[in-house]
Amino acid sequence: MKELLLGNEAIARGAWEAGATVSTAYPGTPSTEITEELAKFSEIYCEWSPNEKVALEVALGASMGGARAICCMKHVGVNVAADPLFTAAYTGVNGGLVLIAADDPGMHSSQNEQDSRFYARSAHVPMLEPSSSEECLLFTKKAFELSENYDSPVMLRLVTRIAHARSLVQPGQREETPLKPYEKNPRKYVMMPGFARGRHVAVEAREKRLLSEISALGLNKIEWNDPSLGVICSGSAYNYVKEALPAASVLKLGLVYPLDVELIKEFAQKVEKLVVVEELEPFFEEQIKALGLPVSGKEKTGLQGELFSRKLGQLFGAEAPAGPAETPNLPQRPPVLCPGCPHRAVFHVLRKMNFVVAADIGCYTLGALPPLNAVDSVVCMGASIGMAMGLEKARGRDFAQKTVSVIGDSTFVHSGITGLIDLVYNKGNSTVIIVDNSTTGMTGHQPNPTTGQDIHFRAAPQLSLERLCEAVGVQSVKVVDPFDLAALEGILKEETAKDGPSVVIARRPCALLSREKKPPLRVKAEACIRCGACLRIGCPAISMGQGGLSIDPALCVGCGLCAGLCPKSAIEGGTL
Amino acid sequence: MSKALNLVIVGVGGQGTLLASRVLGSIAGQLGLDVKLSEVHGMSQRGGSVTTCVRMGETVHSPLVEQGGADFILAFEELEALRALPYLKKGGSVIVNTQQILPLPVIIGAEKYPEGILTRLRGECETIALDALPLATKAGNARAVNTVLLGRLAKSLPHEKALWHRALEETLPPRFLEANLKAFEAGYAL
């Protein structure tokens with residue numbers, strides 16, 4: 001019986017059916033659910049790795065050891081894993097190795113919308129791209145086959161609208177794949193220049209072989225229709241094309257790298273007008289133009305964001321249905337820090353003290369939004385500490401006393417540690433605030449090395465942030481409860497004045513994790529002077545209406561942060 | 001294409017819009033139709049606007065319902081109903097829960113929550129407004145607002161009630177079933 005699965009769930013199912021026994025990942029939207037789903041299968045060893053580079057290295061080691069291994073990450077994670085990726089392309093595999101890269105056109109939950117297809121091309125590894133959950137399952141199985149047949153890691157690219165869409169899937173049985181024998185083979189796995197040169201030859205040879213056998217793989221297909229318009233597309237774009245241009249002939253590419261040149265030429269010859277419809281970069285278009293074929297695409301569809309059927313139809317002259325007019329100037333509803341969130345207290349203090357704040361990737365990125373407005377920069381995982389160091393080196397010691405970096409516990413372990421080592425080694429003076437909420441919050445509460453739990457929430461060795469920071473040479477490491485505003489402010493004042501780097505660990509568990517919900521707070525209307533001090537922390541439970549200030553009892557978790565800010569003690573019932 | 005049905009479910013992150021879409025997915029399964037759901041995970045779940053699309057029919061390609069494409073908008077909150085209005089097809093209906101949740105720009109006084117949302121909706125389309133929270137609470141679970149709305153939607157659709165009951169049984173954990181079936185009936189009775 002068919003099941004209605006998320007693209008991500010179908011990938012996990014495909015890996016299970018293909019007999020995978022090792023799965024590694026660092027969480028990242030829109031890829032996280034693949035690994036959460038894989039963790040439910042008892043036959044598969046699963047881990048949250050500290051970052052994507054380690055994840056891919058563990059998966060490559062598993063492959064070298066003869067197992068089928070899958071490694072999942074979001075698009076920007078591939079940047080972190082790019083180092084092992086480019087050389088894994090040379091070593092090739094023993095057991096099949098599949099790397100899932102989940103792109104996010106439209107940036108629903110990302111800092112950029114880079115196009116992962118270029119990684120496949122520059123590393124010379126095959127890449128598949130599914131259009132539905134059914135294909136997510138089938139292509140994952142196919143990817144393992146290709147990986148072993150062509151002795152190469154194989155990438156599978158997703159986009160948000162495939163990863164997070166549900167459609168019908170016919171699940172199958174698991175085929176156990178016996179562990180392949182392990183044989184020492186330095187010419188294949190020791191990538192020093194003399195051996196790597198030999199492997200580069202092998203990379204080119206296997207790609208040529210794959211191209212000569214490409215039509216037998218059955219991943220690309222032509223759907224003939226009216227030959228006056230021929231569209232080349234893949235993945236989510238295929239869905240939009242079928243919806244918007246039902247009369248067109250379509251060449252759907254399931255293998256997006258390397259390109260099936262002969263099939264593209266055949267298709268181009270038989271259609272009157274050839275266009276490419278692809279989200280983000282002109283990846284197909286430029287390669288097809290290089291074949292000397294007349295083709296267009298990006299001049300119509302542009303480089304940015306998602307395509308959608310309606311927009312596509314309009315671009316090709318179809319009449320688009322119209323709904324009622326949009327209401328202008330509706331208030332936006334951006335995501336917010338939750339009621340009771342410990343990060344809110346940190347940003348309240350940072351704004352009050354007027355610091356320059358180099359922040360990082362996580363829920364606490366939201367500290368940049370009004371009314372907190374407390375963040376100066378957010379770039380990529382772990383960047384905050386290096387950014388603060390650079391600000392100091394550009395603007396001097398005094399500026400470092402006004403600068404802090406803010407980074408979460410999981411992000412710090414991911415790639416903040418090396419930044420901290422730089423800060424110590426190269427004699428920086430800024431203060432690093434590790435906002436330790438004891439989880440990986442934004443992606444849905446995955447454990448990490450600092451939480452003392454593994455992927456199955458079973459006990460695991462717990463990394464001590466304090467001891468780690470001391471070990472890399474930070475002289476001053478302080479721990480504070482961020483809800484103790486006076487203590488937090490005092491420590492920050494002291495630490496930023498000191499010479500040398502300091503670390504302040506602001507530790508309080510994520511509000512969504514702490515099970516105890518205290519009774520909601522109440523406003524004493526007669527005492528409230530409507531000064532708005534409590535509104536400036538941006539808590540969604542507090543609002544000022546016609547009847548004065550009110551606290552929504554359904555949202556308030558009784559954290560008491562607002563009560564502590566009230567100059568008239570007009571908010572009661574809270575305990576800090 | 002007469003069996004085709006496109007819905008947009010909108011609300012505020014955390015309100016339970018995903019559950020409603022899964023129930024509709026189960027309905028499609030029972031009818032033997034192709035179906036796609038588009039969900040929102042990640043950043044927007046932190047109290048932001050969330051949109052979930054449900055499409056069913058003989059063959060469904062795109063998982064998204066776009067402007068002018070929805071037969072129904074199921075809105076868990078008034079402002080989100082108004083924001084989603086351009087998705088509605090000519091002749092389509094809005095089923096709206098009359099709850100108002102203030103977004104942060106309104107809370108901090110930077111913007112104003114629009115007035116007369118229901119009047120505006122009624123001027124554009126068939127608008128079914130209901131106060132689902134007391135009905136859900138009376139049924140035994142304040143979180144069953146989504147099932148009250150589904151009950152009202154079911155009344156506007158031709159499918160037999162048994163189909164919906166099965167969908168709820170398939171989708172909900174058994175311990176929540178009783179309250180949700182009551183909540184469904186309360187919505188259906190409106």
Side-chain angles (χ1 to χ4, degrees), chain A residues 2 4 6 29-30 32-33 108-109 131-132 160-168 236 238-244 308-311 320-327 329-338 363 366 369-371 442-444 532 535-536 538-540 542-545 552 554, chain B residues 12-14 21-22 25-26 28-29 34-49 53 59-64 66-70 77 79-80 82-83 85-90 92 101-114 117 120-121 123-125 142:
Chain A
K2 288 199 172 187
L4 193 55
L6 273 185
T29 313
T32 313
E33 298 81 5
H108 299 274
S109 290
S131 291
S132 63
T160 301
R161 301 300 187 176
I162 303 296
H164 285 169
R166 279 179 196 273
S167 57
L168 294 167
S236 58
Y238 168 79
N239 293 333
Y240 303 140
V241 168
K242 293 298 283 184
E243 201 79 46
F308 304 134
S309 323
R310 187 175 185 271
K311 179 173 153 193
E326 204 171 293
T327 311
N329 304 321
L330 286 183
Q332 291 301 303
R333 193 187 298 274
V336 289
L337 294 173
C338 304
C363 288
L366 296 172
L369 296 179
M442 185 58 93
T443 47
L535 293 172
R536 285 194 284 273
C539 177
I542 313 173
S543 58
M544 183 74 82
D552 184 341
Chain B
V12 177
S21 70
R22 307 249 170 99
S26 163
D34 192 12
V35 58
K36 286 194 177 173
L37 317 180
S38 176
E39 303 183 352
V40 177
H41 299 230
M43 206 162 196
S44 320
Q45 284 181 305
R46 298 276 174 269
S49 302
C53 303
T59 307
V60 177
H61 291 290
S62 167
L64 300 172
E66 301 182 34
Q67 291 101 302
E77 200 271 349
L79 170 59
E80 296 312 314
L82 186 54
R83 200 191 307 283
L85 190 58
Y87 286 102
L88 201 68
K89 193 184 270 182
K90 217 169 242 158
I101 300 175
L102 305 185
L104 208 56
V106 171
I107 286 177
I108 63 173
E111 292 181 56
K112 280 189 72 176
Y113 196 96
I117 289 179
R120 167 79 213 282
L121 291 174
E124 292 281 0
C125 61

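Sequence lines set the chain letters: A, B, ... in the order given, protein chains first and strands last, and positions in each chain run from 1.
Residues B/Ile108 and A/Pro371 share a closest heavy-atom pair of CG2-CG, 3.6 Å. Residues A/Pro370 and B/Leu104 approach most closely at O-CD2, 3.8 Å, considering heavy atoms.
For A/Tyr240, the OH atom counts as densely surrounded, since its 6.0 Å shell holds more than 12 non-hydrogen atoms of other residues, nucleotides or ligands.
Of the listed residues B/Glu80, B/Glu111, B/Gln67, the one with more heavy-atom pairs under 4.5 angstrom with chain A than any other is B/Gln67. Put simply, of A/Ala165, A/Pro331, A/Gly323, the one with the most heavy-atom pairs under 4.5 Å next to chain B is A/Pro331. Of all the listed residues (A/Lys2, A/Arg166, A/Arg161), the one sharing the greatest number of non-hydrogen pairs under 4.5 Å with chain B is A/Arg166. When each of B/Leu102, B/Val106, B/Leu82 is scored by its heavy-atom pairs under 4.5 Å with chain A, the top score falls to B/Leu82. Of the listed residues B/Arg120, B/Lys112, B/Lys90, the one with more heavy-atom pairs under 4.5 angstrom with chain A than any other is B/Arg120. Interface check for chain B: of the options A/Leu330, A/Leu535, A/Leu369, A/Val241, the most heavy-atom pairs under 4.5 Å are formed by A/Leu330.
Contact annotation for A/Leu337: neither backbone nor side-chain heavy atoms come within less than 4.5 Å of a heavy atom of chain B. Contacts of A/Pro30 with chain B are absent, with no heavy-atom separation under 4.5 Å from either backbone or side chain. Neither the backbone nor the side chain of A/Thr160 comes within contact range of chain B, judged by heavy atoms closer than 4.5 Å. Looking at B/Glu39, the atoms closer than 4.5 Å to chain A (heavy atoms on both sides) sit in the backbone and in the side chain alike. The contact between B/Pro63 and chain A is made entirely by side chain atoms (from C-beta outward), counting heavy-atom distances below 4.5 Å.
At a threshold of 4.5 Å between non-hydrogen side-chain atoms, the residues B/Pro105 and A/Pro334 count as touching. The closest side-chain heavy-atom distance from B/Glu66 to A/Ser309 is below 4.5 Å. At least one side-chain heavy atom of A/Asn239 sits under 4.5 Å from a side-chain heavy atom of B/Lys36.
To the nearest 0.5 Å, atoms CD1 (B/Ile107) and CD1 (A/Ile542) are separated by 8.5 Å.
In this view, A/Lys311 satisfies the side chain to side chain donor-acceptor pair (under 3.5 Å) rule with no residue, not counting sequence neighbours. Residues forming a salt bridge (charged side-chain N to carboxylate O under 4.0 Å, His left out) with A/Arg310 (at least two apart in sequence, or on another chain): none.
Between the side chain of A/Arg333 and the backbone N or O of B/Ile101 there is at least one donor-acceptor pair closer than 3.5 Å.
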